[in-house]
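These notes concern the structure reproduced below.
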Amino acid sequence: MPWRTGPAERAAGIRPDPYRVWLSEVMLQQTTVAAVRKYHERFTALWPTVADLAAAPDADVMAEWAGLGYYARARNLLKCARAIVADHGGRFPDTHDALIALPGIGPYTAAAVAAIAFDRPETVVDGNVERVMSRLFDVDTPLPAAKPELTAHAARLTSHARPGDHAQAVMDLGATICTPKSPACGICPLRDPCLARQNGTEAQRPVKAPKKAKPHRRGYAYVGRRDDGAWLVETRPEKGLLGGMLGFPGSEWSDAPAPLPPAPADWRAVGEAEHVFTHFRLTLTVMVADLPPSNPERGHFVPASEFRPGTLPTAMRKVHDVAAPHLLVERARAAG
DNA sequence: TACGCGTGGGC
DNA sequence: TGCCCAAGCGT
């Protein structure tokens with residue numbers, strides 16, 4: 001991964017850039033490496049240092065984060081960058097305790113940055129480490145209750161000689177060999193001491209608490225365009241679902257939502273957009289209309305030349321994709 | 001402690 | 001196809 005340093009660089013005493021390590025770790029929270037790579041490249045190209053990021057407009061950062069999910073991470077990313085400039089002279093603190101005091105940095109990220117960027121003997125415990133420890137010691141306590149026990153195991157094994165390499169190695173073992181399904185025990189360097197392997201329980205580790213069922217919610221989303229092609233959008237409130245992101249005005253999302261058009265117009269339904277969030281399933285009825293030039297009751301117009309569907313969170317991009325063909329038809333009909 | 005918070009890929 | 005999951009954090 002591009003934010004890592006190789007053996008030759010480390011042998012020469014070169015440590016990874018703490019800014020790049022921090023950025024990667026925040027992006028990797030509950031997110032796959034494959035999804036993160038391009039976002040990390042884009043962010044470091046646009047904002048090469050933490051000071052550059054701290055100076056960026058909120059809307060620019062949110063737009064670049066669009067599609068990566070868990071948008072509170074992007075809001076906290078900016079808060080953290082600005083705190084580092086304001087309170088730490090633009091340099092990342094190099095201790096776990098100072099790092100964990102910053103927005104968006106919790107136990108995992110504080111340990112990961114301290115270990116990987118500053119080679120401090122901190123114990124990282126992410127989902128990979130939990131899985132490796134639960135198998136190595138055949139822990140049958142269900143997660144998340146097992147977390148302290150697994151953390152204690154991981155801490156006892158943490159290398160004080162090469163903490164950064166150790167942290168990445170345990171996570172890489174979990175990501176590539178000690179995988180959730182069909183672990184490659186045959187090539188695992190820990191196959192002999194692994195208690196789950198000895199007991200034949202590796203497929204049942206880690207034990208997890210049962211999940212809650214996802215309710216199904218519905219709503220209306222309104223995609224309106226003005227005569228000049230401008231799109232009616234709104235910036236969502238800072239807190240809550242898709243907080244701070246651009247979206248289309250809509251109704252509440254509930255069992256039986258009431259229509260709530262953002263402006264008087266001849267709204268008509270053109271289809272549905274389906275999306276699954278972490279804790280509920282959503283079906284949005286997509287409404288479209290040509291809008292008069294008068295001010296809407298909610299939202300604001302973005303000129304067609306400045307509107308990029310890629311800056312929308314995925315649920316809203318799906319709404320756009322359902323609506324766009326119908327709007328284009330209307331534009332063409334009007335023009336023709 | 002438990003919940004709210006996204007998304008895309010794998011099977 | 002519907003579930004499971006991924007380098008968690010804030011409240």
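Naming: A, B, ... by sequence-line order, numbering from 1 per chain. From a predicted model like this one, the values you see are computed outputs, not experimental measurements.
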Problem set entry | Letter per nucleotide, 5' to 3', of nucleotides 5-11 of chain B [B base touched, S only sugar-phosphate touched, - untouched; heavy atoms, 4.0 Å] | BBBS---

For this session: Ignoring backbone atoms, establish whether A:R131 has a side-chain N or O less than 4.0 Å from OP1 or OP2 of C:dC5.
Result: no

Enumerate, atom names and distances included, each donor-acceptor pair closer than 3.5 Å involving a side-chain atom of residues 305-317 of chain A, sequence neighbours excluded.
{"from": "A:T311", "atom 1": "OG1", "to": "A:R308", "atom 2": "O", "distance (Å)": "2.8"}
{"from": "A:R317", "atom 1": "NH1", "to": "A:D321", "atom 2": "OD2", "distance (Å)": "3.2"}

In whole angstrom, what separates [X]'s [atom1] from [N]'s [atom2]?
X: A:K211; N: C:dC3; atom1: NZ; atom2: C1'; result: 10 Å
X: A:L28; N: C:dC5; atom1: CG; atom2: C1'; result: 15 Å
X: A:D126; N: C:dC5; atom1: CG; atom2: P; result: 15 Å
X: A:W22; N: C:dG8; atom1: CH2; atom2: P; result: 17 Å
X: A:K147; N: B:dT1; atom1: NZ; atom2: P; result: 11 Å
X: A:R37; N: C:dA6; atom1: CZ; atom2: C1'; result: 14 Å

Any salt bridge (charged side-chain N to carboxylate O under 4.0 Å, His left out) pairs touching [range], not counting sequence neighbours?
range: residues 89-106 of chain A; result: A:D94-A:R120
range: residues 150-174 of chain A; result: A:R4-A:D172, A:R10-A:D165, A:R162-A:D165
range: residues 77-89 of chain A; result: A:D58-A:R82

Exercise. Quick one, which residues of residues 98-113 of chain A touch DNA chain C with a heavy atom under 4.0 Å?
Worked result: A:P103, A:G104, A:I105, A:G106, A:P107, A:Y108, A:T109

Exercise. Quick one, which residues of residues 160-178 of chain A touch DNA chain B with a heavy atom under 4.0 Å?
Worked result: none

For this session: Nearest-nucleotide wise, let me know which of A:E25 and A:N76 is further upstream toward the 5' end of DNA chain C.
Result: A:E25

Problem set entry | Atom P, compared across B:dG8 and C:dC9: separation rounded to whole Å | 22 Å

Exercise. Using atom P of each nucleotide, how far apart are C:dA6 and B:dC5 to the nearest Å?
Worked result: 22 Å

Contacts under 3.5 angstrom, residues 142-152 of chain A side chains, donor-acceptor by atom type, not counting sequence neighbours:
{"from": "A:E149", "atom 1": "OE1", "to": "A:T141", "atom 2": "OG1", "distance (Å)": "3.3"}
{"from": "A:T151", "atom 1": "OG1", "to": "A:K147", "atom 2": "O", "distance (Å)": "2.8"}

Problem set entry | Test salt bridge (Lys or Arg N to Asp or Glu O under 4.0 Å) applied to A:K38 - qualifying residues, sequence neighbours left out | none

For this session: Report the residues that fulfil salt bridge (Lys or Arg N to Asp or Glu O under 4.0 Å) with A:R42, sequence neighbours left out, ordered by chain and then residue number.
Result: A:E64

Problem set entry | More than 12 heavy atoms from other groups under 6.0 Å of CZ on A:R298 | yes

For this session: Check each of A:E274, A:E272, A:H275 against A:K318 using the side-chain contact (heavy atoms from CB on, under 4.5 Å) test, and report the only one that passes.
Result: A:H275

Problem set entry | Contacts of type ring-ring contact (aromatic ring centres under 6.0 Å, His included), residue A:F248, not counting sequence neighbours | none

Exercise. Quick one: ring-ring contact (aromatic ring centres under 6.0 Å, His included) pairs with a partner in residues 140-171 of chain A, sequence neighbours left out?
Worked result: A:F137-A:H153

